[in-house]
Number of protein chains: 2
Amino acid sequence: MLPMRPELLKGHLDALLLAVLEHGPRHGYAVIETLRTDSGGALDLPTGTVYPALHRLERAGLIASNWETVGGRRRRGYHLTPAGEAVLGEQRAVWDQFATAVTAVLARRPWPATA
Amino acid sequence: MLPMRPELLKGHLDALLLAVLEHGPRHGYAVIETLRTDSGGALDLPTGTVYPALHRLERAGLIASNWETVGGRRRRGYHLTPAGEAVLGEQRAVWDQFATAVTAVLARRPWPATA
DNA sequence: ACCTCATATGTAGCAACGCAAAGTATTGTG
DNA sequence: CACAATACTTTGCGTTGCTACATATGAGGT
């Protein structure tokens, strides 16, 4: 597993978090775990990355939260808002576009791979 | 064509530039054009992005340059160094990993898409 | 001659974002 | 009782791409 520089994630994190919350409501810690398992271990994000991002998404109205107490532990359960669902849809399209473009540039080789 | 937020590119630009220069030597302006055509118009980067990035790559020893004068115009021709070629190889692997991980997370839907 | 566009390069300053590091608190385990 | 795991928070930093502006030459049009 090659080292993945942190800047790579920039701009893509929001889409990932929204996608995870589309599974169903989750609290921050669980979001991190879902992200790790869904990505096959490739995306193992620190709390200092995820929690502020969740706050940002809530301020933007894309997710909403409510405090719960489970087994004596306070946790903040997040869920998608309709606005968040809409944005997630756009973000998926943007990602597809971006990934296609980058892959195209990186795939083009000096000796034409495609005759 | 959806608007592509500039942060999306962060961390991926170096790989793109190296890949373009793998085609063969090019000056900055031509790099921008190649990038645009190779990406089908999706990646149309401003000079204020590309030139500093090329300087950075040169300082890092991944590319090298020599001044030429063609038709009375001064241009700086860049070409890959062996180190740059090696890094490009790694970057391609990193991109594949990253893209696979993000696609996996974004693709996972609440109700199975194929049902 | 004049203007404008395309070609070609450069830099200063800004804004955004992910992260490291540190801290708080509770529950479970050895 | 120490320690790990769970769970959340915040400050400050570094990197990076972009906006805006500046400079200069050649080509084409009027």
Side-chain angles (χ1 to χ4, degrees), chain A residues 3-18 25-37 39 42-60 62-63 65-78 91 98 101-102, chain B residues 3-18 20 25-37 39 42-60 62-63 65-78 91 94 98 101-102:
Chain A
M4 211 184 281
R5 297 201 331 293
E7 304 91 36
L8 297 186
L9 201 57
K10 283 200 194 217
H12 305 283
L13 179 58
D14 292 5
L16 293 171
L17 297 180
L18 293 176
R26 266 165 183 72
H27 60 288
Y29 205 81
V31 167
I32 293 175
E33 286 174 333
T34 303
L35 212 40
R36 186 172 49 236
T37 52
S39 68
L43 299 173
D44 193 2
L45 306 185
T47 67
T49 291
V50 173
Y51 287 116
L54 289 172
H55 298 336
R56 200 178 353 119
L57 289 175
E58 185 165 29
R59 269 199 312 277
L62 305 184
I63 63 179
S65 72
N66 51 321
W67 282 103
E68 338 162 337
T69 304
V70 178
R73 278 197 193 90
R74 269 160 54 88
R75 34 164 87 165
R76 191 189 281 234
Y78 289 99
Q91 299 269 51
F98 177 76
V102 173
Chain B
M4 211 183 278
R5 295 193 341 287
E7 305 90 38
L8 297 186
L9 200 57
K10 284 202 193 217
H12 305 284
L13 178 59
D14 292 5
L16 293 172
L17 297 180
L18 294 177
V20 166
R26 265 166 184 72
H27 59 287
Y29 204 80
V31 167
I32 293 177
E33 286 173 333
T34 303
L35 212 39
R36 186 172 50 235
T37 52
S39 67
L43 300 173
D44 193 1
L45 307 185
T47 67
T49 292
V50 173
Y51 287 116
L54 289 173
H55 299 336
R56 198 174 359 114
L57 289 174
E58 186 164 29
R59 270 200 310 276
L62 305 184
I63 62 179
S65 72
N66 51 321
W67 282 102
E68 339 163 336
T69 303
V70 178
R73 277 200 194 88
R74 270 161 50 88
R75 32 165 88 165
R76 192 188 279 236
Y78 289 99
Q91 299 268 50
V94 169
F98 176 76
V102 173

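Each chain gets a letter, A, B and so on, in the order the sequences are listed, and its residues count up from 1.
Under the 3.5 Å distance criterion, the side-chain polar atoms of A:Arg5 are matched with a main-chain donor or acceptor of B:Gly11.
For the pair A:Arg75 and D:dA7, the criterion of a side-chain N or O lying under 4.0 Å from OP1 or OP2 is met. Distances shown here put every side-chain N or O of A:Arg74 at or beyond 4.0 Å from the OP1 or OP2 atom of C:dT24. Between A:Arg76 and D:dT9 there is a side-chain polar atom (N or O) within less than 4.0 angstrom of OP1 or OP2. Here B:His55 reaches the OP1 or OP2 of C:dT11: one of its side-chain N or O atoms lies under 4.0 Å away.
Between the OH atom of A:Tyr29 and the C1' atom of C:dT26 there is a distance of 13 Å, rounded to whole Å. Note: CG (B:Leu9) to P (C:dA16) measures 18 Å, nearest angstrom. Between the NE2 atom of A:His27 and the P atom of D:dA7 there is a distance of 4 Å, rounded to whole Å. Atom-to-atom, OH of A:Tyr78 to C1' of D:dA7 comes out at 11 Å; the value is rounded to the nearest Å. One atom, NZ of A:Lys10, and another, C1' of C:dA15, lie 10 Å apart when rounded to the nearest Å.
Side-chain contact between B:Leu9 and B:Leu16 is present, with heavy atoms from C-beta onward closer than 4.5 Å. Looking at heavy atoms from C-beta onward, B:Tyr29 lies out of side-chain contact with B:Arg75 at the 4.5 angstrom threshold.
The 5' end of DNA chain D is approached more closely, in terms of each residue's nearest nucleotide, by A:Trp67 than by the other of B:Gly72 and A:Trp67.
Contacts with DNA chain D (heavy atom under 4.0 Å) in residues 43-51 of chain B: B:Pro46, B:Gly48, B:Thr49, listed by number.
In this structure, A:His12 and B:His12 have perpendicular ring planes: the angle between them is above 60°, well past the 30° mark.
Using a 4.0 Å heavy-atom cutoff across all strands shown, B:Arg73 reaches at least one base atom of the nucleic acid.
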What side-chain donor-acceptor pairs closer than 3.5 Å can you find for residues 44-60 of chain B, not counting sequence neighbours?
from, atom 1, to, atom 2, distance (Å)
B:Asp44, OD1, B:Arg36, NH1, 3.0
B:Arg56, NH1, B:Asp14, OD1, 3.1
B:Arg56, NH1, B:Asp14, OD2, 3.4
B:Glu58, OE1, B:Ser65, OG, 3.4
B:Glu58, OE1, B:Arg76, NH1, 3.3
B:Glu58, OE2, B:Ser65, N, 3.1
B:Glu58, OE2, B:Ser65, OG, 2.8

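Note that OG1 of A:Thr34 and CG of A:Leu17 are 10.5 Å apart. Values are rounded to the nearest 0.5 Å.
Scanning all heavy atoms of the two residues, the minimum distance from B:Tyr78 to B:Ile63 falls at CD2-CD1, 3.5 Å.
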